[in-house]
Amino acid sequence: MPWRTPTGLDYDSGDYALALRTAMDAIGYDDVRALQAAGTSDGRLIGVGVASYVEIGGVTPSALAPMEGSPGLWESAHVKVLPSGKVTIALGTCGHGQGHETTFAQIAADVLLVPYENITIVYGDTETSPFGFGTFGSRSAAVGGTAVLMACQRVVEKARRRAADLLEADEADIEQVPGGGFQVKGSPESAVSFATLAVKALMLTKPLPEGEEPGLDAMAYFDPPNYTFSSGTHACVVEVDRDTGHVEVTDFVAVDDCGTVINPLVAEGQVHGGVAQGIAQALYERIVYAPDGQPMTSSLMDYAVPVARQLPSIRTVNVASPRRSTRWASRASARAAPSAPRPPSSTPSWTRCAGPGSRTSTCR
């Protein structure tokens, strides 16, 4: 890596062999093959399947858009800092259940160092949100999330300049502290809170320097230089009844390289949902027509969407190789974390927010 494909796209990172080895070890491939050869006591057939993939995401960089006859699909984010110190972030991309409220708020909390619960994510209303191209092609974290990151970084820089003015210190001597405030390096007694900065940035007592604007709000647009390419290997073991043909999925391992995970629960939920949909398509879902062409499976009362008891316990493993083409280590789905630059936080917010009580119940 990097590797240029015959179509001219650059796969800039990925460790496909690692994902394959991890999946084979986790599924116990050699043991399954031995059992397959020996046979089971009840005569059931054993099958094992392994599938590796590379998936394009982060669509569509304007630099590469002519290849597919598309406009460049950038994303935007507007960060609004209220006088209370709370933050509202309006996005162009519109979520439909992937957990945007969770993951984007965690990105912002980690950059701004403000409490996660003080951040509100707004999308889906053209009267309140900036223009964006939406959620498809595994682009929300890679493109929209980067716009959030950039906008929040601009807020931090504006806040640092205001703090330097209020604390009568050089900007280079101002450091960010947990809670979103700032202090003079090595002098915690010379500090100002994020809420105070938010008020002072709006309620001006003297003219601002040339080029400076009131408030701490910031806007950012991100147009990625390249697509993202997630990869991985999934492995599955099934048992088949010789007499009835009934298939039971007894084990399933999903090894995915989507970059650094923001929120483990959201990431796992997305994988579970995708695997469930794939198993359903392979084994259960079927459109049936009468001889005259009338569809017989016209509602979910007839169409065999699987229930929990028809699915195995899905085991997930995340492996990560660094991304180079965006400011994020992000590839597919809404679950990647920044690679560089990292804000000065000793405990990333996606770790703090991953436990019970956090807004992590949504998944793809």
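Just the heavy atoms: all of them, side chains too, but no hydrogens, waters or symmetry mates, feed the values below.
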task = Return yes if some donor-acceptor pair links the side-chain N/O of D251 with the main-chain N/O of C236 below 3.5 Å, else return no.
result = no
inquiry  = Please report the interatomic distance OG(S140) to OH(Y123), rounded to the nearest 0.5 Å.
reply    = 9.5 Å
message = Within the structure provided, determine whether L73 and F136 are in side-chain contact (heavy-atom separation under 4.5 Å).
response = yes
inquiry  = Before we go on, tell me: are the rings of W74 and F133 under 6.0 Å apart, centre to centre?
reply    = yes
request  = Determine the interplanar angle of the F104 and H100 rings, folded into 0 to 90°, and report it as parallel if under 30°, tilted if 30 to 60°, perpendicular if over 60°.
outcome  = tilted
request  = Could you go through the side-chain contact (heavy atoms from CB on, under 4.5 Å) check for D217 and H78 one step at a time?
outcome  = CA-CA 7 Å; D217 298 3; H78 177 215; 4.1 Å; yes
remark   = Contacts of E175 meeting side-chain hydrogen bond (donor to acceptor under 3.5 Å, both in side chains) (sequence neighbours excluded), chain-then-number -> Q183
request  = Count the heavy atoms belonging to other residues, nucleotides or ligands that lie under 6.0 Å from CZ of R33, then report whether that count exceeds 12.
outcome  = yes
query = With no hydrogens and no angle check, do the side chains of Y11 and N226 hold a donor and an acceptor under 3.5 Å apart?
reply = no
task = Please report the C-alpha distance between Y227 and D12 in whole Å, then the side-chain angles of each, then the deciding distance to 0.1 Å, and finally whether the side chain to side chain donor-acceptor pair (under 3.5 Å) criterion is met.
result = CA-CA 9 Å; Y227 293 99; D12 68 349; over 6 Å; no
ask   = Quick one: does E168's side chain have a donor or acceptor within less than 3.5 Å of a partner on L166's backbone?
value = no
request  = Kindly compute the distance separating OG1 (T316) from CD (Q270), expressed to the nearest 0.5 Å.
outcome  = 11.5 Å
inquiry  = Given 3.5 Å as the limit, does a donor-acceptor pair link the side chain of Q176 with the main chain of V111, or not?
reply    = yes
ask   = Side chains of N263 and T103: donor-acceptor distance under 3.5 Å anywhere?
value = no
task = Using a 4.5 Å cut-off on heavy atoms from C-beta on, say whether the side chain of L9 contacts that of I56.
result = yes
task = Would you mind reporting whether Y16 and S52 have side-chain heavy atoms less than 4.5 Å apart?
result = no
ask   = Is there a side-chain contact between F229 and S13, using heavy atoms and a 4.5 Å cut-off?
value = no
Side-chain heavy atoms of D256 within contact of S230, under 4.5 Å = no
ask   = Is there side-chain contact between I279 and P312, with at least one heavy-atom pair below 4.5 Å?
value = yes
ask   = Donor-acceptor pair, R242 side chain versus D42 backbone, under 3.5 Å?
value = no
query = When clusters are formed by joining ILVMFWY residues with side-chain heavy atoms under 4.5 Å apart, either directly or through shared neighbours, do I27 and V319 land in the same one?
reply = yes
query = Members other than V305 in its cluster, when Ile, Leu, Val, Met, Phe, Trp, Tyr link by side-chain heavy atoms under 4.5 Å?
reply = I287, Y289, L300, Y303
Main-chain N/O of A172 paired to D170 side chain as donor or acceptor, under 3.5 Å = no
Connected via hydrophobic side-chain network under 4.5 Å: L64 and V54 = yes
inquiry  = I need the S190 OG to D173 CG distance, nearest 0.5 Å.
reply    = 11.0 Å
inquiry  = I'd like to check the ring-ring contact (aromatic ring centres under 6.0 Å, His included) partners of F252; sequence neighbours left out, ordered by chain and number.
reply    = H234
Verify same cluster id: L82, L216 (apolar side-chain graph, 4.5 Å) = no
ask   = Does any N or O in the side chain of E248 come within less than 3.5 Å of the main-chain N or O of E239, such that one atom is a donor and the other an acceptor?
value = no
query = Is there a path of hydrophobic side-chain contacts, each under 4.5 Å between heavy atoms of I, L, V, M, F, W or Y residues, that connects V275 with Y284?
reply = yes
ask   = Heavy atoms, side chains only, cut-off 4.5 Å: are V79 and V87 in contact?
value = yes
task = Take I107 and I262 through the test side-chain contact (heavy atoms from CB on, under 4.5 Å) and record every step on the way to the result.
result = CA-CA 8 Å; I107 293 168; I262 293 176; 3.9 Å; yes
query = Considering only heavy atoms from C-beta outward, does the side chain of L167 approach that of I174 to under 4.5 Å?
reply = yes
inquiry  = Between D241 and D243 (side chain of the first, backbone of the second, donor and acceptor by atom type, cut-off under 3.5 Å), is there such a pair?
reply    = yes
inquiry  = Using side-chain contact (heavy atoms from CB on, under 4.5 Å), reason through F222 and S76 one step at a time and then give a plain yes or no.
reply    = CA-CA 6 Å; F222 181 65; S76 58; over 6 Å; no
query = Are the side chain of H272 and the backbone N or O of I314 linked by a donor-acceptor pair below 3.5 Å?
reply = yes
request  = Dump the intermediate steps for side-chain contact (heavy atoms from CB on, under 4.5 Å) on I89 and V148, then the final yes or no.
outcome  = CA-CA 8 Å; I89 302 177; V148 172; 4.2 Å; yes
key: Side chain S187, main chain E189, donor-acceptor under 3.5 Å   = no
ask   = Between T93 and T135, does any side-chain donor sit less than 3.5 Å from a side-chain acceptor?
value = yes
inquiry  = Is there a salt bridge (Lys or Arg N to Asp or Glu O under 4.0 Å) between E157 and R160? Walk through the geometry before answering.
reply    = CA-CA 5 Å; E157 292 309 309; R160 180 178 282 109; 2.8 Å; yes
ask   = From L204 CG over to K206 NZ, what is the distance, rounded to the nearest 0.5 angstrom?
value = 10.5 Å
Connected via hydrophobic side-chain network under 4.5 Å: V249 and V50 = no
inquiry  = Is it the case that the side chain of R161 and the backbone of E171 share a donor-acceptor pair, with hydrogens and angles ignored and the cut-off at 3.5 Å?
reply    = no
